[in-house]
Structures are given as structure tokens and as C-alpha cells.
Student: 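Here's a structure for you.
So that the names make sense, note that chain A is the first sequence line, chain B the second, and so on, each numbered from 1.
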There are 4 protein chains.
Amino acid sequence: MGTASTAATGQRRPGRPRSERAERAIIEATLALLAESGAAGLCIEKVAARAGVGKATIYRRWPGKEDLLLDAVACLKAPLPEPRGLSVRDDLLALLEAMCEQFADPCHMREFALLLGEGAAYPRLMTRYTETVIEPRREVIRAVLRRGAVTGELREDIDVDAALFMMIGSVLARSRYGDAPVEPGYARRVVDEMLSGIGAR
Amino acid sequence: MGTASTAATGQRRPGRPRSERAERAIIEATLALLAESGAAGLCIEKVAARAGVGKATIYRRWPGKEDLLLDAVACLKAPLPEPRGLSVRDDLLALLEAMCEQFADPCHMREFALLLGEGAAYPRLMTRYTETVIEPRREVIRAVLRRGAVTGELREDIDVDAALFMMIGSVLARSRYGDAPVEPGYARRVVDEMLSGIGAR
Amino acid sequence: MGTASTAATGQRRPGRPRSERAERAIIEATLALLAESGAAGLCIEKVAARAGVGKATIYRRWPGKEDLLLDAVACLKAPLPEPRGLSVRDDLLALLEAMCEQFADPCHMREFALLLGEGAAYPRLMTRYTETVIEPRREVIRAVLRRGAVTGELREDIDVDAALFMMIGSVLARSRYGDAPVEPGYARRVVDEMLSGIGAR
Amino acid sequence: MGTASTAATGQRRPGRPRSERAERAIIEATLALLAESGAAGLCIEKVAARAGVGKATIYRRWPGKEDLLLDAVACLKAPLPEPRGLSVRDDLLALLEAMCEQFADPCHMREFALLLGEGAAYPRLMTRYTETVIEPRREVIRAVLRRGAVTGELREDIDVDAALFMMIGSVLARSRYGDAPVEPGYARRVVDEMLSGIGAR
DNA sequence: CAATAATCGAGACGGTACGTCGCGTCTTGGG
DNA sequence: CCCAAGACGCGACGTACCGTCTCGATTATTG
């Protein structure tokens with residue numbers, strides 16, 4: 001999954017195998033420093049010192065700071081909850097609330113910031129991240145929306161992708177640019193507004 | 001406007017006045033480097049060299065890299081178009097399309113990436129940016145939404161902020177994480193979906 | 001004289017001039033560390049730390065360790081004593097004794113070792129050192145030998161250079177490969193042997 | 001001979017015996033790199049790579065770089081020619097010419113440079129080298145000088161050690177610091193000067 | 001013949017020093 | 001007071017080697 005992982009081939013490379021212990025220590029040190037000082041005040045040198053590891057041991061696994069950070073934060077990824085499947089409205093609400101909650105965690109906020117800020121320079125990483133993290137999340141939501149269109153809980157001819165981005169984006173825009181943390185009822189307000197539409201009846 | 005501007009008092013400081021030529025060269029060099037190498041590969045030293053200016057001349061005007069960047073990108077800011085005021089739907093559509101267009105410009109994309117990525121470390125900047133750039137834009141949209149609630153074009157009890165973030169966020173989420181550039185009809189699809197709602201009638 | 005010195009032109013370079021204070025501190029730190037840990041256990045990083053100076057300040061002046069060391073030890077160079085001019089034998093003896101004495105100083109020993117060991121890699125330095133340090137010393141000795149040939153104290157047809165290298169080399173070979181430090185009477189023994197020759201009368 | 005040699009006991013150690021092939025390859029690689037880049041630009045890692053050998057295979061045999069180098073250069077040592085014993089003058093001349101010739105070989109020059117330059121840090125090596133290489137050479141010369149004192153070809157009361165170092169040193173000083181390679185007649189000039197002495201008759 | 005044991009190549013390990021780059025500050029002579 | 005130029009102390013960068021270690025595979029001698 002991570003850049004550092006051994007390829008899934010059965011082949012063993014010659015020479016001493018890479019220490020799993022070191023890898024764990026590096027990731028932990030990275031997350032600890034990230035939490036303490038933020039992405040700006042994080043440097044490989046400190047990670048190595050904190051992990052009790054030589055710098056080369058880090059560079060052997062990750063080409064640079066961004067890649068390390070990306071793998072580190074990926075270890076934190078909390079998947080969206082499995083929809084319960086009873087009511088589409090309840091499922092959407094639960095998903096949206098989970099997203100709000102995750103965005104409230106500064107560590108996830110950092111993850112997004114990192115990807116947005118430095119992603120442009122590392123398209124390879126962006127692609128991988130999108131495929132392995134972003135797209136699966138979207139698919140969970142899409143599935144619920146499609147289910148609603150079938151059961152009749154949602155409009156039959158719903159534009160699934162438009163609705164998807166409205167849902168996701170409402171959290172993204174609110175949490176990032178919001179002057180205050182996302183308030184408790186926010187998810188419910190968005191879901192209700194989406195369901196009923198803003199147009200007059 | 002920028003941090004660098006001379007106070008608007010009629011008072012003139014003693015000594016040689018600051019060179020307007022230098023200021024322009026600095027801003028231009030900053031934008032050029034930003035476009036070439038992104039925010040990460042940009043440093044004061046290179047800006048100074050490219051602008052043919054001493055480093056001190058930059059530091060005399062801006063406290064650091066972030067502030068310089070902020071002023072530089074502020075020069076690019078394209079305001080949202082003034083709503084025409086005939087139809088709420090048309091106004092929303094126009095606003096959304098303008099946003100999509102701006103996001104398609106890589107230079108504006110960088111602006112957002114910069115603020116999102118590095119903003120966390122500089123709350124002061126974020127605050128100022130939010131106040132001077134983000135909030136006025138939001139206000140334009142809010143005004144249209146409120147007008148719609150009054151004229152009856154929109155639901156009377158619309159949740160203005162929820163709708164606002166759904167609109168903004170739908171573009172943000174789509175353009176950033178989208179695998180392809182935003183397609184032509186996207187704005188219309190979002191507006192229609194928002195107006196009608198996804199719930200069954 | 002040293003690599004670091006400003007060219008002797010009257011021209012001043014633009015910008016802030018190099019700090020003479022820093023230069024002195026670097027040389028002093030180098031000599032201190034050289035005395036403490038030898039040439040092997042000396043590194044730029046420690047010199048910088050000890051001198052209270054950034055590494056770049058050292059690299060701005062000297063391209064590398066060897067060059068720095070060379071300039072540092074050059075500051076120690078004790079010139080040969082001025083011949084008194086009364087007796088050629090006494091003058092040669094005094095010069096030889098001074099050389100023995102200097103070689104007994106571990107710091108001068110290091111200087112030679114350095115030049116011999118690393119000199120091959122830095123022909124430019126070797127040339128400079130030969131011209132400014134070695135050759136003047138030789139000339140002092142040559143002058144005495146020539147004087148002796150004129151005054152009749154030495155053979156009229158003496159091979160000045162052969163004698164020169166015999167004198168210098170006898171100290172070099174003795175002190176370097178000798179198992180013990182050069183003993184007190186050594187210089188006198190060499191001078192006598194040179195004067196009388198080893199051939200039977 | 002070298003540190004690496006198996007003890008001369010008839011006992012064989014259990015397990016796989018050390019590969020003679022690897023040993024040869026290591027020595028050859030060492031000498032090749034020494035000739036190419038000098039002692040400074042030589043490192044175990046490159047030796048191993050060039051020899052197609054694991055680093056451990058080197059460290060199993062030699063404790064470090066110096067010891068390896070010492071064994072490597074020892075393979076090059078050209079002994080002084082056996083004196084023919086007819087004329088002391090001719091013997092001294094032959095010995096001195098052989099020394100001049102050896103110093104002209106850049107590989108032997110490196111050997112000396114290495115020992116002089118880095119020897120100070122490794123007294124153990126210096127001692128061994130002096131005992132096994134230097135002292136035997138000296139003894140050859142001393143024997144000739146003593147023989148001359150007995151046969152009457154040299155002065156009866158000759159100071160053997162002083163003369164020894166004058167001879168050796170004259171080549172050392174000339175070849176090392178000389179601006180040009182040692183010229184053809186140099187050895188003869190030194191021998192003549194030594195025999196006749198520089199003092200007036 | 002199988003077990004044992006040292007060696008082989010390869011290469012990862014924790015370190016140290018390298019030489020470079022950029023930071024934000026400072027210090028020149030000259031407008 | 002500003003300008004350009006550039007040195008300053010600092011700290012992180014990514015690389016190269018150090019000497020040690022751990023792999024699976026090989027190659028002898030011993031039981």
C-alpha cells in the first residue's frame with residue numbers, strides 16, 4: 001500500500017531484509033512530530049532522531065518528506081461507516097456526520113492540506129491517493145444514492161455525481177474556510193436541504 | 001492593498017522613497033516563479049535574483065514568504081461577476097460557472113493550494129484572506145439566495161449557509177479531486193440538482 | 001598569502017565585506033582541533049562549531065579541509081634563522097639545528113605529513129606551498145653554501161644542490177623514520193660528516 | 001605476510017575455507033583504486049564493489065582501510081639490489097640509483113605519501129612498516145658503509161647513521177619537493193659529494 | 001550421507017560528516 | 001532613507017562511507 005512496502009511478488013531481494021521495526025518507528029515518529037509541530041516544522045532529520053534511526057534508512061524507503069507524510073497519514077485513515085441500509089436519509093446523514101467528524105480531527109485536516117498544497121508537484125502520489133483513498137469513499141456514497149433512486153426514496157433521475165460532490169464539498173468548504181469548527185447540526189441541515197432542494201415547490 | 005503599501009496618510013517619510021519599480025519587479029518575479037515551480041520551489045532568494053533586487057528590499061516590504069505570496073496572488077484575484085438580478089437560477093448558474101472557470105486556471109488553483117496547504121501554519125494570513133477574499137465572494141452568493149427566498153423563486157425557509165457551502169463545495173470537491181477537468185455542463189447540473197432536491201416528490 | 005585572502009587589488013568587491021573576525025576564529029579553531037585530535041579527527045563541522053561560525057562561512061573561503069589546514073598550519077611557520085655570517089660551519093650548524101627543532105614540533109610534522117599525503121591530489125596547493133615556503137628556506141641554505149665556496153671555507157667546485165638536499169634530507173629522513181626523536185648532537189654529526197666527506201683521505 | 005594470511009599451523013579451521021580468489025581480487029581492486037584516485041579517494045565500499053565482493057569479506061580479513069592498504073602496497077615493494085661487493089663507491093651508487101628509480105614510480109610515491117600522511121594516526125602500522133620494510137633497506141646501506149670503513153675505502157671513523165640518513169634523505173628531499181623529476185646524474189652527484197665532503201681540503 | 005560450521009554475495013542498519021541551499025539579519029558604498 | 005550586493009549564523013537537505021549486522025546460498029570437514 002505504502003511506497004515503502006515490499007512488492008507483492010514472492011521473490012525475496014538479496015541481502016539483509018528491511019527492518020519492519022524501523023519502518024514502524026519512522027511512521028510513529030512522523031505522526032508524533034506532525035501532531036506536535038505541524039507539517040511545516042517537520043523534517044527528516046528530526047524524524048530520524050526521534051525514531052532512533054539513520055537518515056538513510058528513511059531515504060531508502062521514501063524519496064522525500066511529502067511521500068513519508070503521505071504514507072504516515074494514510075495509516076490514520078478512518079474508513080467511512082458501512083451504511084446500515086434501512087433508510088437512505090439516515091445513511092446519508094451518518095456518512096456526512098462521519099465526514100464532519102473526521103475533518104474536525106486536525107490530523108486529517110493536515111492530510112488534506114498536504115495533498116492540496118503539495119499534490120500538484122507529485123502527480124503520481126495524487127493519483128495513488130485518489131485511487132486508494134478518495135475513490136472508495138466516494139463509491140460508498142454513490143452506492144447509497146443509487147439505492148435511493150431505485151427504492152424511490154430519492155428522485156428517480158438523480159444526478160449521482162453532482163449530488164456526490166455537493167455532499168462532499170459542503171463539508172470540505174465549510175470546514176476549511178469556516179471561521180468556527182463545524183457545528184453539531186450541520187450534517188443534518190445539509191442532508192435536509194439536499195433532499196428537499198432549495199427551489200420553491 | 002498589500003502589506004507593502006505605503007500608509008494612506010498624507011505624511012511622507014523622510015529619505016529616499018521606495019522604488020515602485022522594485023515593487024513591481026518583485027511581484028512579477030514571484031508570480032513567474034510561482035507558475036514555474038509552485039509554492040514549494042519558490043524562495044525569497046530566487047525572487048530577489050529574478051527581480052534584480054536585494055533581499056533586504058523584499059524584507060523591507062513583506063515579513064516573509066507567505067505574505068509576499070499572498071500579495072502576489074491577490075493581484076490575480078478575479079472577482080465573481082455581479083449578479084444580473086433577473087432570475088435567481090440564472091444568477092446562481094452564472095456564479096457557479098465563473099467559479100468553475102477560475103478553478104480551471106492553474107494559477108488560481110495554485111492560489112487555493114497555497115492557502116490550503118500552508119495556511120494552517122499561518123492563521124493570521126488565513127484570517128486576512130478569508131476576510132478580504134473569501135467572505136465577499138460568499139456574500140455575493142448569499143445575497144442571491146436570500147433574494148430568492150424573498151421573491152419566492154426559492155423555498156422561503158431555505159438554509160442559506162448550507163446551500164452556500166453545497167454550491168461552493170461542489171466546485172471545490174469536483175475540481176480538486178476530479179480525475180478530469182470540470183466538464184462544461186457541470187455547473188448547470190449542480191444548480192438543477194440543488195433547486196429540485198434529490199428527494200422524491 | 002592564504003587562499004582566503006582578499007586579492008591585493010585596490011578594488012573592493014560589492015556587498016558586505018568578509019569578516020576578519022570570523023577568519024581568525026576559524027584558523028584558531030582549526031589549529032586547536034588539529035592539536036587536540038590530529039588531522040584525521042578534524043572536520044569542518046567541528047571547526048565551524050568551535051569557531052562559532054556557519055559552515056558556509058568556511059566554505060566561502062576554502063574549498064575543503066585540506067586547503068583550510070594548509071592555511072592554518074602556514075600561520076605557524078617559523079622561518080629559518082638568519083645566518084650570522086661569521087663562519088660557514090656555524091651557520092650550517094645553526095640552520096640544521098633549527099630544522100631539527102622544528103621537526104620535533106608535532107605541529108610541523110603534521111604540516112609535512114599533510115603535504116606529502118594529500119599533496120598529490122592538490123597540485124595547485126603543492127606548487128604554492130613550494131614557492132612560498134619551501135623554496136625560500138632552500139635559498140637561505142644555498143646562499144650559505146655559495147658563500148663558503150667563495151670564501152674558501154668550502155670546496156670551490158661544490159655541487160650546491162646535491163649538498164642542499166643532503167642537508168635537508170638528512171633531517172627529513174631521520175626525523176620521520178627514526179624510531180626515536182632526533183637526538184641533540186645529530187645536527188653537528190651531519191655537518192661534520194658533510195664537511196669532511198665520508199671518503200678516505 | 002599480510003594480516004590476512006591464514007596462520008601457518010597445519011590445523012585447518014572447520015567450515016568453508018576463505019576464498020583465495022576473493023583475497024586476490026580485493027588486493028587488486030585496492031591497488032587499482034589507489035593508482036586511480038589516491039589514498040584519499042579510496043574507500044572500502046568501492047574496493048568491495050570493484051572486487052565483486054561483500055564488504056564483510058574485506059572486514060573479515062583486515063580491520064580497516066589502513067591495514068588493507070598496507071598489505072596492498074606491501075605487494076609492490078621492490079627490494080634494494082644486493083650490493084655487488086666490489087667497490088663501495090659503485091655499490092652506494094647502485095643503491096642510490098635504485099632508490100631514485102623507485103621514487104620515480106608514482107605507485108611507490110603513493111606508498112610513501114600514504115605512510116607519511118596517514119602514518120601519524122596509526123603508530124602501530126608505522127612501526128610494523130618501519131620494521132619490515134624500512135629498516136631492512138637501511139641495513140643494506142649500513143652494511144656497505146661499514147664495509148667501506150673496514151676496507152679503507154671510506155674514512156675509518158665514519159658516522160654510519162649520519163651518512164645513512166644523508167644518503168636516503170637526499171633522494172627523499174629531492175624527489176618529493178623537487179619541481180622536476182630526479183635527473184639522471186643526481187645519484188652520482190650525491191655520492192661524489194658525500195665521498196669528497198664539501199669542506200675545503 | 002547428513003549435519004555442522006564458516007564463508008560467500010548482497011545489502012540494510014545506526015551513525016557521522018560532507019558540501020549545498022535557503023532562511024532572515026547585517027553591513028558595506030553609493031544614490 | 002533606500003538601493004544592490006553579498007556575508008553572517010543557522011539549520012535542514014540529500015549523499016557517501018563507516019563498521020556492524022543479517023539474510024539465503026555455498027562449500028568444506030566431520031560424525
Side-chain angles (χ1 to χ4, degrees), chain A residues 12-19 21-23 25 41-49 51-61 63-65, chain B residues 12-19 21-22 41-49 51-65, chain C residues 12-23 25 41-49 51-65, chain D residues 12-19 21-22 41-49 51-65:
Chain A
R12 264 186 94 310
R13 282 187 299 188
R16 177 174 173 176
R18 295 198 175 160
S19 158
R21 210 181 134 285
E23 194 143 335
L42 185 149
C43 64
I44 299 278
E45 216 135 72
K46 280 179 192 154
V47 172
V53 141
K55 278 197 293 176
T57 301
I58 300 182
Y59 283 110
R60 216 172 275 128
R61 292 168 161 76
K65 188 162 99 171
Chain B
R12 271 192 114 311
R13 281 184 293 189
R16 173 175 173 177
R18 292 193 178 167
S19 155
R21 208 181 135 288
L42 184 149
C43 62
I44 298 281
E45 219 131 80
K46 281 179 192 156
V47 171
V53 141
K55 282 200 292 176
T57 303
I58 300 182
Y59 282 109
R60 212 173 281 126
R61 290 166 160 79
W62 296 274
K65 183 162 106 170
Chain C
R12 264 187 93 316
R13 284 187 298 187
R16 175 174 174 176
R18 297 201 174 156
S19 157
E20 220 175 309
R21 210 181 134 286
E23 193 144 336
L42 185 150
C43 63
I44 299 278
E45 215 135 74
K46 280 178 193 154
V47 171
V53 142
K55 279 199 291 176
T57 301
I58 299 183
Y59 283 110
R60 215 171 277 127
R61 292 168 162 75
W62 296 275
K65 187 161 97 170
Chain D
R12 270 190 120 307
R13 281 184 294 190
R16 175 176 175 176
R18 292 192 176 166
S19 156
R21 207 181 135 289
L42 185 150
C43 65
I44 297 283
E45 219 132 79
K46 280 180 192 158
V47 171
V53 141
K55 280 199 294 174
T57 302
I58 300 181
Y59 281 109
R60 213 172 280 123
R61 291 166 162 76
W62 295 275
K65 184 161 105 169

Student: May I ask you to test the A:Y59-A:I44 pair for a side-chain heavy-atom distance under 4.5 Å?
Tutor: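 Yes, side chains in contact.
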
Student: So, OP1 or OP2 of E:dG9: does either fall under 4.0 Å of a side-chain N or O from D:T57?
Tutor: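 Indeed, a polar side-chain atom of D:T57 lies that close.
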
Student: Check the phosphate of F:dC3 against B:R60, side-chain N and O only, distance under 4.0 Å to OP1 or OP2. Yes or no?
Tutor: yes

Student: State, to 0.1 Å, how close C:A25 and C:A51 come at their nearest heavy-atom pair, and which atoms those are.
Tutor: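 Here C:A25 and C:A51 meet closest at O-CB, 3.6 Å.
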
Student: What heavy-atom pair brings C:G54 and C:A48 nearest, and what distance separates the two atoms?
Tutor: C-CB, 4.3 Å

Student: Below 4.0 angstrom from OP1 or OP2 of F:dA5, is there any side-chain N or O of C:R16?
Tutor: no

Student: Atom CZ of C:R21 and atom C1' of E:dC26: how far apart are they, to the nearest Å?
Tutor: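 In whole Å, E:dC26 C1' and C:R21 CZ are 13 Å from each other.
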
Student: Round to a whole Å and report the spacing from CZ of C:R13 to P of E:dT27.
Tutor: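 Nearest whole value for this atom pair: 18 Å.
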
Student: Can you measure A:R12 atom CZ to E:dG9 atom P for me and round it to whole angstrom units?
Tutor: 18 Å

Student: Reading DNA chain E from 5' onward, which residue's closest nucleotide shows up sooner: A:G15 or C:P17?
Tutor: A:G15

Student: Nucleotides 18-20 of chain E: which of its N/O atoms have a protein N/O under 3.5 Å away?
Tutor:
from, atom 1, to, atom 2, distance (Å)
E:dC18, OP1, C:I44, N, 2.8
E:dC18, OP2, C:I44, N, 3.1
E:dC18, OP2, C:E45, N, 2.7
E:dG19, OP2, C:Y59, OH, 2.2
E:dG19, O5', C:Y59, OH, 3.3
E:dG19, N7, C:K55, NZ, 2.9
E:dG19, O6, C:K55, NZ, 2.7

Student: If I take atom CD in residue C:E20 and atom P in nucleotide F:dC8, what distance separates them, rounded to the nearest angstrom?
Tutor: 12 Å

Student: Starting at CH2 of B:W62 and ending at C1' of E:dG24, how long is that distance when rounded to a whole Å?
Tutor: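 My rounded result for the distance is 16 Å.
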
Student: Which heavy atom in C:T57 sits nearest to a heavy atom in C:A22, and how many Å separate them?
Tutor: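 Closest pair (atom of C:T57, atom of C:A22, distance): CG2-CB, 4.1 Å.
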
Student: According to a strict under-4.0 Å criterion, is B:S19 in side-chain N/O contact with OP1 or OP2 of F:dC2?
Tutor: no

Student: Does a nitrogen or oxygen in the side chain of A:R61 sit under 4.0 Å from OP1 or OP2 of E:dC13?
Tutor: yes

Student: Measuring from C:R61:CZ to C:R18:CZ, what's the distance to the nearest 0.5 Å?
Tutor: 6.0 Å

Student: Round to a whole Å and report the spacing from CD1 of D:I58 to P of F:dC17.
Tutor: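 For the pair D:I58 CD1 and F:dC17 P, the rounded distance is 13 Å.
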
